[in-house]
Chemist: 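This is the structure I want to talk about, given as structure tokens.
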Amino acid sequence: GQSLEQPSEVTAVEGAIVQINCTYQTSGFYGLSWYQQHDGGAPTFLSYNALDGLEETGRFSSFLSRSDSYGYLLLQELQMKDSASYFCAVSRSGYSTLTFGKGTMLLVSP
Amino acid sequence: DAGVIQSPRHEVTEMGQEVTLRCKPISGHNSLFWYRQTMMRGLELLIYFNNNVPIDDSGMPEDRFSAKMPNASFSTLKIQPSEPRDSAVYFCASSHTRRNTGELFFGEGSRLTVL
């Protein structure tokens with residue numbers, strides 16, 4: 001099976017930088033995705049890493065180390081609207097499905 | 001463009017009743033997924049269709065759950081009979097398998113409460 005570990009909660013202040021880590025165990029690893037979900041809303045896609053390294057998309061960046069089975073989501077210049085749950089998810093070779101972690105609740109305070 | 005459309009958005013029913021949740025995927029997407037989200041178990045995959053064919057239903061809890069995809073633009077998830085432990089938010093998502101970018105497009109979800 002697959003398993004993913006991420007912190008349950010992270011707090012930060014506006015303007016700060018926060019990193020949300022994700023470690024995974026799965027056979028046939030293909031890629032790591034990150035999703036954001038506001039309370040009562042749908043998960044929305046943020047980023048995807050299939051290769052080692054950093055992917056940058058505006059204020060958000062995502063990193064992957066395949067050898068360490070580890071990735072992280074980096075959020076810069078935090079805003080109040082970034083308060084949400086963030087999920088990492090793994091995809092496997094030959095499979096279109098995603099297995100999600102339990103999510104990290106990010107609380108951004110003024 | 002319209003996203004994934006789910007109905008109903010909210011459903012409150014009594015134990016033993018039949019519940020049918022509906023989903024219209026994004027036009028052109030050939031993969032459809034049903035996920036269930038609870039506080040305890042997070043986001044769990046229930047079933048995955050590709051080109052209208054069920055490929056992986058290993059996440060379907062038990063025989064009370066069934067899902068169909070009669071055509072490329074419609075899918076249903078049925079629970080019969082429903083139980084209080086089925087209370088959750090049920091999400092439908094779609095994607096195109098050729099573009100394996102780890103991106104699924106989720107609907108707004110159907111929040112089910114079974115009393």
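Here is how names work: the chains are called A, B, and so on, in the same order as the sequence lines, proteins then strands, and each is numbered from 1. Bear in mind that the values here come from a model prediction, so they are computed numbers and not experimental data.
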Chemist: Mind checking whether Ile55(B) and Leu98(A) sit in one hydrophobic cluster, side chains of I, L, V, M, F, W, Y counted as touching below 4.5 Å?
Modeler: yes
Chemist: For the atom pair OH (Tyr35(A)) and CZ (Phe106(B)), what is the distance rounded to the nearest 0.5 Å?
Modeler: 5.5 Å
Chemist: Quick one: what part of Glu44(B) sits under 4.5 Å from any heavy atom of chain A, side chain, backbone, both or neither?
Modeler: neither
Chemist: According to a hydrophobic-cluster definition based on side-chain heavy atoms being under 4.5 Å apart (Ile, Leu, Val, Met, Phe, Trp, Tyr only), do Leu32(A) and Phe100(A) belong together?
Modeler: no
Chemist: Looking at every non-hydrogen atom in both residues, tell me the closest pair between Ala42(A) and Gly107(B) and how far apart they are.
Modeler: CB-O, 3.0 Å
Chemist: Can you get from Tyr72(A) to Leu106(A) by hopping between Ile, Leu, Val, Met, Phe, Trp and Tyr side chains that sit under 4.5 Å apart?
Modeler: no
Chemist: How long is the gap from CG on Leu104(B) to OG on Ser91(A), to the nearest 0.5 Å?
Modeler: 9.0 Å
Chemist: Non-hydrogen atoms of chain A under 4.5 Å away: do they reach the side chain of Leu43(B), the backbone, both or neither?
Modeler: both
Chemist: Drop me the distance from Lys102(A)'s NZ to Met40(B)'s CE, to the nearest 0.5 angstrom.
Modeler: 7.5 Å
Chemist: Out of curiosity, does Val19(B) fall in the hydrophobic cluster containing Tyr35(B) (side-chain heavy atoms, cut-off under 4.5 Å, transitive links)?
Modeler: no
Chemist: Do Phe45(A) and Phe33(B) sit in one hydrophobic cluster, given that two such residues count as connected whenever their side-chain heavy atoms are within less than 4.5 Å of each other, even indirectly?
Modeler: yes
